[in-house]
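Structure record follows, encoded as C-alpha coordinates.
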Amino acid sequence: MPKPDAERHASAAAKPLISEKAERFTESVIRDMTRQAHLHGAINLAQGFPDFPAPAEIKRAAQQAIAADINQYAITWGARSLRQAIAAKMKKWQGLEIDPEAEITVCCGSTEAMIASLLAVTNAGDEIIVFEPFYENYGPDAILSDARPHFVTLHPPADPAGEWRFDERELRAAFGPRTKAIILNTPNNPTGKVFTRTELEFIRELCLEFDALAITDEIYEHILYDGAKHLSIATLDGMRERTITINGMSKTYSVTGWRVGWAVASPVLTNAIRKVHDFLTVGAPAPLQEAGAAALSLPAEYYAQLAERYRVRRDHLIPALAAAGFKCFRPQGAYYVMTDISAFGFDDDVSFAKHLLQEIGIACVPGSSFYRHPRDGARQVRFAFCKKPETLDEATRRLAKLKLTS
Ligand SMILES: Cc1ncc(COP(=O)(O)O)c(C=O)c1O
(Lines give C-alpha, C1' and ligand atoms only; values in the text may rest on other atoms or scores of the structure.)
Protein backbone atom coordinates (compact mmCIF):
# COMPACT_ATOMS: atom_id res chain seq x y z
CA MET A 1 0.00 0.00 0.00
CA PRO A 2 1.36 3.46 -0.84
CA LYS A 3 2.65 5.39 2.18
CA PRO A 4 0.74 8.50 3.33
CA ASP A 5 2.20 11.65 1.75
CA ALA A 6 3.92 12.99 4.88
CA GLU A 7 5.68 9.67 5.51
CA ARG A 8 6.72 9.36 1.86
CA HIS A 9 8.21 12.83 1.87
CA ALA A 10 10.09 12.18 5.11
CA SER A 11 11.70 9.02 3.77
CA ALA A 12 12.46 10.69 0.44
CA ALA A 13 14.24 13.50 2.28
CA ALA A 14 16.51 10.99 4.01
CA LYS A 15 17.83 9.67 0.69
CA PRO A 16 20.95 11.26 -0.71
CA LEU A 17 20.08 13.27 -3.78
CA ILE A 18 23.38 12.65 -5.47
CA SER A 19 24.89 9.29 -6.38
CA GLU A 20 28.04 8.11 -4.61
CA LYS A 21 29.80 8.04 -7.96
CA ALA A 22 28.97 11.65 -8.77
CA GLU A 23 30.07 12.64 -5.26
CA ARG A 24 33.49 11.08 -5.82
CA PHE A 25 34.77 13.55 -8.41
CA THR A 26 34.72 17.28 -8.94
CA GLU A 27 33.93 19.20 -12.08
CA SER A 28 36.79 19.50 -14.54
CA VAL A 29 39.44 21.91 -13.31
CA ILE A 30 40.57 22.53 -16.90
CA ARG A 31 37.11 23.51 -18.12
CA ASP A 32 36.52 25.58 -15.01
CA MET A 33 39.72 27.52 -15.76
CA THR A 34 38.27 28.41 -19.17
CA ARG A 35 35.18 29.88 -17.49
CA GLN A 36 37.41 31.75 -15.01
CA ALA A 37 39.48 33.10 -17.90
CA HIS A 38 36.30 34.55 -19.46
CA LEU A 39 35.28 36.04 -16.15
CA HIS A 40 38.62 37.76 -15.56
CA GLY A 41 39.36 38.68 -19.19
CA ALA A 42 42.48 36.50 -18.96
CA ILE A 43 44.37 34.85 -21.82
CA ASN A 44 43.32 31.24 -21.81
CA LEU A 45 46.43 29.07 -21.83
CA ALA A 46 44.53 26.53 -19.73
CA GLN A 47 42.25 24.49 -21.96
CA GLY A 48 43.67 22.77 -25.03
CA PHE A 49 41.65 24.29 -27.85
CA PRO A 50 42.99 26.41 -30.70
CA ASP A 51 41.99 30.08 -30.89
CA PHE A 52 42.70 30.13 -34.64
CA PRO A 53 40.41 29.02 -37.50
CA ALA A 54 39.92 25.42 -38.57
CA PRO A 55 41.08 24.51 -42.11
CA ALA A 56 38.79 26.07 -44.75
CA GLU A 57 38.31 22.83 -46.73
CA ILE A 58 37.00 21.02 -43.64
CA LYS A 59 34.57 23.81 -42.80
CA ARG A 60 33.38 23.79 -46.42
CA ALA A 61 32.79 20.04 -46.26
CA ALA A 62 30.65 20.53 -43.13
CA GLN A 63 28.65 23.33 -44.75
CA GLN A 64 28.07 21.21 -47.85
CA ALA A 65 26.93 18.26 -45.75
CA ILE A 66 24.33 20.39 -43.97
CA ALA A 67 23.19 21.93 -47.28
CA ALA A 68 22.89 18.40 -48.71
CA ASP A 69 20.58 17.60 -45.81
CA ILE A 70 22.77 15.15 -44.00
CA ASN A 71 20.95 16.28 -40.91
CA GLN A 72 19.43 13.12 -39.46
CA TYR A 73 20.96 10.39 -37.32
CA ALA A 74 23.93 8.71 -38.91
CA ILE A 75 24.37 4.95 -38.44
CA THR A 76 24.86 4.70 -34.68
CA TRP A 77 28.47 3.45 -34.92
CA GLY A 78 29.39 6.03 -37.53
CA ALA A 79 28.77 7.16 -41.09
CA ARG A 80 30.25 4.67 -43.54
CA SER A 81 32.26 7.39 -45.32
CA LEU A 82 34.02 8.38 -42.09
CA ARG A 83 34.67 4.78 -41.02
CA GLN A 84 36.17 4.08 -44.43
CA ALA A 85 38.35 7.18 -44.15
CA ILE A 86 39.51 6.13 -40.66
CA ALA A 87 40.42 2.65 -41.93
CA ALA A 88 42.28 4.12 -44.93
CA LYS A 89 44.19 6.55 -42.71
CA MET A 90 45.17 3.83 -40.24
CA LYS A 91 46.43 1.71 -43.14
CA LYS A 92 48.47 4.61 -44.45
CA TRP A 93 49.93 5.83 -41.14
CA GLN A 94 50.01 2.74 -38.96
CA GLY A 95 50.06 -0.01 -41.60
CA LEU A 96 47.05 -1.64 -39.89
CA GLU A 97 44.26 -3.34 -41.84
CA ILE A 98 41.05 -2.30 -40.10
CA ASP A 99 37.59 -3.49 -41.13
CA PRO A 100 35.42 -0.35 -41.18
CA GLU A 101 32.28 -2.49 -40.92
CA ALA A 102 33.27 -4.34 -37.76
CA GLU A 103 36.13 -2.60 -35.99
CA ILE A 104 35.30 1.11 -35.71
CA THR A 105 32.87 3.00 -33.47
CA VAL A 106 32.48 6.71 -34.11
CA CYS A 107 31.64 8.56 -30.89
CA CYS A 108 31.02 12.09 -29.58
CA GLY A 109 34.70 12.88 -29.30
CA SER A 110 37.45 10.67 -28.02
CA THR A 111 36.09 11.54 -24.57
CA GLU A 112 33.05 9.40 -25.24
CA ALA A 113 35.15 6.75 -26.99
CA MET A 114 37.18 6.35 -23.75
CA ILE A 115 34.24 6.08 -21.35
CA ALA A 116 32.29 3.84 -23.76
CA SER A 117 35.34 1.57 -24.04
CA LEU A 118 35.81 1.36 -20.27
CA LEU A 119 32.11 0.68 -19.72
CA ALA A 120 32.28 -2.00 -22.40
CA VAL A 121 35.23 -3.92 -20.95
CA THR A 122 35.42 -3.46 -17.18
CA ASN A 123 33.51 -5.11 -14.37
CA ALA A 124 33.19 -3.65 -10.88
CA GLY A 125 36.53 -3.93 -9.11
CA ASP A 126 38.61 -4.55 -12.23
CA GLU A 127 41.87 -2.64 -12.07
CA ILE A 128 43.05 -0.27 -14.73
CA ILE A 129 46.56 1.11 -14.81
CA VAL A 130 46.95 4.82 -15.45
CA PHE A 131 50.19 6.76 -15.77
CA GLU A 132 50.40 9.81 -13.52
CA PRO A 133 50.32 12.76 -14.19
CA PHE A 134 47.24 11.88 -16.25
CA TYR A 135 44.69 13.67 -18.41
CA GLU A 136 42.08 14.50 -15.81
CA ASN A 137 39.16 12.69 -17.51
CA TYR A 138 40.66 9.26 -16.80
CA GLY A 139 39.97 9.57 -13.05
CA PRO A 140 36.19 10.14 -13.35
CA ASP A 141 36.11 7.64 -16.25
CA ALA A 142 37.41 4.98 -13.87
CA ILE A 143 34.87 5.91 -11.18
CA LEU A 144 31.95 5.95 -13.62
CA SER A 145 32.90 2.53 -14.94
CA ASP A 146 33.41 1.09 -11.41
CA ALA A 147 37.02 0.24 -12.21
CA ARG A 148 39.83 0.70 -9.71
CA PRO A 149 42.60 2.93 -11.07
CA HIS A 150 46.14 1.93 -10.19
CA PHE A 151 48.48 4.84 -10.77
CA VAL A 152 52.07 4.49 -11.97
CA THR A 153 54.30 7.54 -11.84
CA LEU A 154 55.87 9.16 -14.85
CA HIS A 155 58.94 10.67 -13.22
CA PRO A 156 59.98 14.13 -14.43
CA PRO A 157 63.46 14.42 -15.87
CA ALA A 158 66.17 16.11 -13.78
CA ASP A 159 67.17 18.07 -16.90
CA PRO A 160 64.02 19.77 -18.26
CA ALA A 161 65.08 18.90 -21.82
CA GLY A 162 65.01 15.19 -20.88
CA GLU A 163 62.13 12.71 -20.91
CA TRP A 164 59.50 11.79 -18.37
CA ARG A 165 59.96 8.09 -17.63
CA PHE A 166 58.26 5.27 -15.78
CA ASP A 167 60.22 2.84 -13.67
CA GLU A 168 59.87 -0.65 -15.17
CA ARG A 169 59.75 -2.26 -11.72
CA GLU A 170 56.96 0.07 -10.61
CA LEU A 171 54.95 -0.69 -13.73
CA ARG A 172 55.43 -4.44 -13.39
CA ALA A 173 54.39 -4.27 -9.73
CA ALA A 174 51.17 -2.49 -10.72
CA PHE A 175 50.04 -5.39 -12.94
CA GLY A 176 48.21 -8.25 -11.25
CA PRO A 177 45.46 -10.82 -11.76
CA ARG A 178 42.73 -8.13 -11.56
CA THR A 179 44.36 -5.85 -14.14
CA LYS A 180 41.91 -5.45 -16.97
CA ALA A 181 43.61 -2.73 -18.95
CA ILE A 182 46.29 -0.10 -19.08
CA ILE A 183 45.36 3.36 -20.31
CA LEU A 184 48.04 4.90 -22.47
CA ASN A 185 48.18 8.40 -23.85
CA THR A 186 50.90 9.06 -26.39
CA PRO A 187 51.85 11.78 -27.27
CA ASN A 188 51.01 12.57 -23.69
CA ASN A 189 48.95 15.28 -22.04
CA PRO A 190 50.18 16.93 -19.80
CA THR A 191 53.86 15.92 -20.01
CA GLY A 192 54.46 16.03 -23.78
CA LYS A 193 56.08 12.60 -23.53
CA VAL A 194 56.08 10.40 -26.63
CA PHE A 195 56.35 6.75 -25.61
CA THR A 196 59.28 4.99 -27.27
CA ARG A 197 59.25 1.61 -28.99
CA THR A 198 61.24 0.11 -26.09
CA GLU A 199 58.70 1.39 -23.55
CA LEU A 200 55.74 0.17 -25.59
CA GLU A 201 57.40 -3.23 -26.07
CA PHE A 202 57.76 -3.48 -22.30
CA ILE A 203 54.07 -2.60 -21.84
CA ARG A 204 53.15 -5.12 -24.55
CA GLU A 205 54.95 -7.90 -22.68
CA LEU A 206 53.05 -7.08 -19.48
CA CYS A 207 49.72 -6.97 -21.32
CA LEU A 208 50.40 -10.42 -22.76
CA GLU A 209 51.66 -11.86 -19.47
CA PHE A 210 48.70 -10.55 -17.46
CA ASP A 211 46.07 -10.93 -20.18
CA ALA A 212 45.34 -7.19 -20.10
CA LEU A 213 44.06 -4.78 -22.72
CA ALA A 214 45.71 -1.54 -23.81
CA ILE A 215 43.35 1.39 -24.25
CA THR A 216 45.41 4.00 -26.02
CA ASP A 217 44.43 7.63 -26.49
CA GLU A 218 46.37 8.83 -29.54
CA ILE A 219 44.60 12.12 -30.09
CA TYR A 220 47.90 14.03 -30.48
CA GLU A 221 49.46 11.50 -32.89
CA HIS A 222 50.38 14.15 -35.46
CA ILE A 223 51.70 16.78 -33.06
CA LEU A 224 55.33 15.76 -32.70
CA TYR A 225 58.61 17.68 -32.36
CA ASP A 226 62.35 17.23 -32.74
CA GLY A 227 62.06 14.05 -34.82
CA ALA A 228 59.89 12.17 -32.27
CA LYS A 229 57.96 9.30 -33.88
CA HIS A 230 54.49 8.18 -32.89
CA LEU A 231 54.02 4.44 -32.50
CA SER A 232 50.62 2.78 -31.98
CA ILE A 233 50.81 -0.13 -29.55
CA ALA A 234 48.23 -1.97 -31.70
CA THR A 235 50.96 -2.50 -34.30
CA LEU A 236 53.15 -4.53 -31.91
CA ASP A 237 53.13 -8.31 -32.05
CA GLY A 238 50.13 -9.80 -30.29
CA MET A 239 48.53 -6.41 -29.50
CA ARG A 240 46.17 -6.05 -32.46
CA GLU A 241 43.45 -8.08 -30.69
CA ARG A 242 43.98 -6.59 -27.24
CA THR A 243 44.16 -2.88 -28.05
CA ILE A 244 41.46 -0.24 -28.25
CA THR A 245 42.89 2.71 -30.18
CA ILE A 246 41.16 6.01 -29.51
CA ASN A 247 41.47 9.08 -31.67
CA GLY A 248 39.42 11.98 -32.95
CA MET A 249 39.16 15.13 -35.01
CA SER A 250 39.50 17.67 -32.19
CA LYS A 251 43.24 18.23 -32.11
CA THR A 252 44.43 17.12 -35.56
CA TYR A 253 41.93 19.30 -37.41
CA SER A 254 41.45 22.09 -34.82
CA VAL A 255 37.75 21.39 -34.31
CA THR A 256 37.40 20.59 -30.60
CA GLY A 257 33.76 21.73 -30.61
CA TRP A 258 32.64 19.31 -33.30
CA ARG A 259 32.73 16.31 -30.98
CA VAL A 260 33.79 13.60 -33.39
CA GLY A 261 36.09 10.83 -32.20
CA TRP A 262 36.36 7.05 -32.53
CA ALA A 263 37.47 3.77 -31.02
CA VAL A 264 39.16 1.10 -33.14
CA ALA A 265 39.21 -2.45 -31.79
CA SER A 266 38.66 -6.11 -32.70
CA PRO A 267 35.10 -7.07 -33.73
CA VAL A 268 34.34 -8.62 -30.31
CA LEU A 269 35.42 -5.49 -28.43
CA THR A 270 33.82 -3.21 -31.00
CA ASN A 271 30.51 -5.00 -30.65
CA ALA A 272 30.45 -4.19 -26.94
CA ILE A 273 31.68 -0.60 -27.43
CA ARG A 274 29.00 0.00 -30.07
CA LYS A 275 26.24 -1.15 -27.73
CA VAL A 276 27.40 1.14 -24.92
CA HIS A 277 27.89 4.04 -27.33
CA ASP A 278 24.42 3.60 -28.83
CA PHE A 279 22.71 3.93 -25.47
CA LEU A 280 24.97 6.73 -24.26
CA THR A 281 24.62 9.11 -27.19
CA VAL A 282 23.12 7.28 -30.23
CA GLY A 283 25.62 8.95 -32.49
CA ALA A 284 28.02 11.77 -33.26
CA PRO A 285 26.86 14.78 -35.34
CA ALA A 286 26.03 13.45 -38.81
CA PRO A 287 27.16 16.35 -41.06
CA LEU A 288 30.39 16.71 -39.12
CA GLN A 289 31.13 13.04 -39.67
CA GLU A 290 30.91 13.71 -43.43
CA ALA A 291 33.35 16.58 -42.98
CA GLY A 292 35.52 14.17 -41.00
CA ALA A 293 35.75 11.90 -44.03
CA ALA A 294 37.09 14.88 -46.02
CA ALA A 295 39.50 15.85 -43.24
CA LEU A 296 41.01 12.39 -42.91
CA SER A 297 41.69 12.37 -46.63
CA LEU A 298 43.96 15.44 -46.48
CA PRO A 299 47.46 14.89 -47.91
CA ALA A 300 50.53 14.16 -45.76
CA GLU A 301 51.72 17.79 -46.09
CA TYR A 302 48.78 18.89 -43.97
CA TYR A 303 50.14 16.94 -41.00
CA ALA A 304 53.72 18.08 -41.53
CA GLN A 305 52.54 21.69 -41.55
CA LEU A 306 50.41 21.13 -38.45
CA ALA A 307 53.40 19.82 -36.48
CA GLU A 308 55.70 22.57 -37.73
CA ARG A 309 53.22 25.30 -36.76
CA TYR A 310 52.96 23.85 -33.28
CA ARG A 311 56.75 23.66 -33.02
CA VAL A 312 56.90 27.39 -33.73
CA ARG A 313 54.28 28.04 -31.04
CA ARG A 314 56.13 25.84 -28.54
CA ASP A 315 59.35 27.68 -29.25
CA HIS A 316 57.48 30.97 -28.82
CA LEU A 317 56.02 30.23 -25.40
CA ILE A 318 58.80 28.27 -23.68
CA PRO A 319 61.43 31.04 -23.75
CA ALA A 320 58.84 33.51 -22.43
CA LEU A 321 57.95 31.18 -19.56
CA ALA A 322 61.60 30.45 -18.83
CA ALA A 323 62.44 34.17 -18.78
CA ALA A 324 59.63 34.71 -16.28
CA GLY A 325 61.08 32.07 -13.93
CA PHE A 326 59.32 28.81 -14.85
CA LYS A 327 61.28 25.61 -15.23
CA CYS A 328 59.80 24.20 -18.44
CA PHE A 329 59.71 20.50 -19.29
CA ARG A 330 60.25 20.48 -23.04
CA PRO A 331 57.46 18.52 -24.76
CA GLN A 332 58.23 16.09 -27.60
CA GLY A 333 54.59 15.96 -28.59
CA ALA A 334 51.07 17.36 -27.94
CA TYR A 335 50.63 21.09 -27.33
CA TYR A 336 51.23 21.63 -23.64
CA VAL A 337 54.17 22.58 -21.52
CA MET A 338 54.34 21.32 -17.96
CA THR A 339 56.30 23.69 -15.73
CA ASP A 340 57.80 23.77 -12.26
CA ILE A 341 56.82 26.87 -10.27
CA SER A 342 59.15 26.43 -7.29
CA ALA A 343 60.95 29.69 -8.10
CA PHE A 344 57.87 31.80 -7.31
CA GLY A 345 57.60 30.81 -3.66
CA PHE A 346 53.85 30.15 -3.59
CA ASP A 347 52.32 27.66 -1.16
CA ASP A 348 50.83 25.54 -3.91
CA ASP A 349 49.82 25.36 -7.56
CA VAL A 350 46.24 26.50 -6.96
CA SER A 351 47.21 29.74 -5.22
CA PHE A 352 49.81 30.38 -7.90
CA ALA A 353 47.28 29.74 -10.70
CA LYS A 354 44.85 32.12 -8.99
CA HIS A 355 47.51 34.81 -8.80
CA LEU A 356 48.45 34.31 -12.44
CA LEU A 357 44.79 34.56 -13.45
CA GLN A 358 43.73 37.51 -11.34
CA GLU A 359 46.88 39.62 -11.18
CA ILE A 360 48.70 38.77 -14.40
CA GLY A 361 45.75 37.88 -16.65
CA ILE A 362 46.80 34.39 -17.78
CA ALA A 363 44.88 31.18 -17.13
CA CYS A 364 46.85 27.96 -16.68
CA VAL A 365 45.95 24.58 -15.20
CA PRO A 366 47.10 23.80 -11.65
CA GLY A 367 49.32 20.72 -11.69
CA SER A 368 47.35 19.01 -8.92
CA SER A 369 44.49 18.31 -11.32
CA PHE A 370 46.73 15.76 -13.06
CA TYR A 371 47.50 13.80 -9.89
CA ARG A 372 45.55 11.63 -7.49
CA HIS A 373 47.15 13.36 -4.48
CA PRO A 374 47.06 17.16 -4.96
CA ARG A 375 50.41 17.54 -3.19
CA ASP A 376 52.16 15.66 -6.01
CA GLY A 377 51.26 18.43 -8.45
CA ALA A 378 51.62 21.32 -6.01
CA ARG A 379 54.81 22.59 -7.68
CA GLN A 380 53.52 22.33 -11.26
CA VAL A 381 51.23 24.17 -13.64
CA ARG A 382 50.44 23.41 -17.29
CA PHE A 383 50.20 25.85 -20.19
CA ALA A 384 48.62 25.16 -23.60
CA PHE A 385 50.27 26.77 -26.61
CA CYS A 386 47.65 25.96 -29.27
CA LYS A 387 47.14 29.68 -29.72
CA LYS A 388 47.68 32.45 -32.32
CA PRO A 389 51.06 34.22 -32.34
CA GLU A 390 49.27 37.39 -31.17
CA THR A 391 47.86 35.52 -28.18
CA LEU A 392 51.31 34.18 -27.30
CA ASP A 393 52.81 37.69 -27.77
CA GLU A 394 50.30 39.14 -25.35
CA ALA A 395 50.97 36.30 -22.90
CA THR A 396 54.69 37.09 -23.16
CA ARG A 397 54.00 40.75 -22.28
CA ARG A 398 51.90 39.76 -19.31
CA LEU A 399 54.44 37.22 -18.10
CA ALA A 400 57.01 39.99 -17.86
CA LYS A 401 54.75 41.54 -15.19
CA LEU A 402 54.94 38.31 -13.21
CA LYS A 403 58.68 38.61 -13.08
CA LEU A 404 58.32 42.04 -11.51
CA THR A 405 55.59 41.12 -9.05
CA SER A 406 56.89 37.76 -7.81
C1 LIG B 1 44.63 13.24 -23.88
C2 LIG B 1 43.31 13.78 -24.31
N3 LIG B 1 42.34 12.93 -24.67
C4 LIG B 1 41.14 13.37 -25.04
C5 LIG B 1 40.85 14.72 -25.09
C6 LIG B 1 39.48 15.18 -25.51
O7 LIG B 1 39.29 14.83 -26.84
P8 LIG B 1 37.90 15.00 -27.60
O9 LIG B 1 37.73 16.43 -27.91
O10 LIG B 1 38.07 14.15 -28.84
O11 LIG B 1 36.84 14.46 -26.72
C12 LIG B 1 41.83 15.65 -24.73
C13 LIG B 1 41.53 17.09 -24.72
O14 LIG B 1 42.24 17.90 -24.20
C15 LIG B 1 43.09 15.16 -24.33
O16 LIG B 1 44.07 15.99 -23.97
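If you read the sequence from its start, that first residue is 1, and numbering goes on from there. Side chains are part of it too, since the values below use all heavy atoms of this structure and drop only hydrogens, waters and symmetry mates. All ligand and atom numbering here is 1-based and tracks the order in the structure.
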So which heavy atom in the protein is nearest [atom], and how far is it from that ligand atom?
atom                    : answer
atom 5 (C) of ligand 1  : Tyr135 OH, 3.5 Å
atom 15 (C) of ligand 1 : Tyr220 OH, 3.5 Å
atom 8 (P) of ligand 1  : Ser110 OG, 3.3 Å
atom 6 (C) of ligand 1  : Thr111 OG1, 3.5 Å

Give the numbers and elements of all ligand 1 atoms closer than 4.0 Å to a heavy atom of [X].
X      : result
Arg259 : 8 (P), 9 (O), 11 (O)
Tyr336 : 14 (O), 16 (O)
Asn185 : 1 (C)
Asp217 : 1 (C), 2 (C), 3 (N), 4 (C)
Gly109 : 10 (O), 11 (O)

| message | If we only consider heavy atoms of Lys251, is any one of them less than 4.0 Å away from an atom in ligand 1? | response |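 Yes.
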| said: For Phe131 and Tyr138, I'd like to know if the aromatic rings sit close, meaning centre-to-centre distance below 6.0 Å. | reply: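 That pair fails the under 6.0 Å test.
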| query | Does the separation of the ring centres of Tyr253 and Tyr302 fall below 6.0 angstrom? | reply |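 When the ring centroids of Tyr253 and Tyr302 are compared, they turn out to be within the sub-6.0 Å range.
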Is the terminal nitrogen or CZ of [X] (NZ for Lys, CZ for Arg) located under 6.0 angstrom from the six-membered ring centre of [Y] and within 45° of that ring's axis?
X      : Y      : answer
Arg313 : Tyr335 : no
Lys193 : Phe195 : yes
Lys251 : Tyr135 : no
Lys180 : Phe210 : no

| Which of the listed options, Gly257, Gly248, Ser250, holds the heavy atom that is closest to atom 9 (O) of ligand 1? |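 Considering heavy atoms of Gly257, Gly248, Ser250, the nearest to atom 9 (O) of ligand 1 sits in Ser250.
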| Test item: Thr235 and Leu96 side chains (from C-beta on) under 4.5 Å apart, heavy atoms |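 They are in side-chain contact.
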| Given Trp164, Phe151, Phe370, the one that forms ring pair (Phe, Tyr, Trp, His ring centres under 6.0 Å) with Phe134 |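 Running ring pair (Phe, Tyr, Trp, His ring centres under 6.0 Å) over Trp164, Phe151, Phe370 with Phe134 returns exactly one hit, Phe151.
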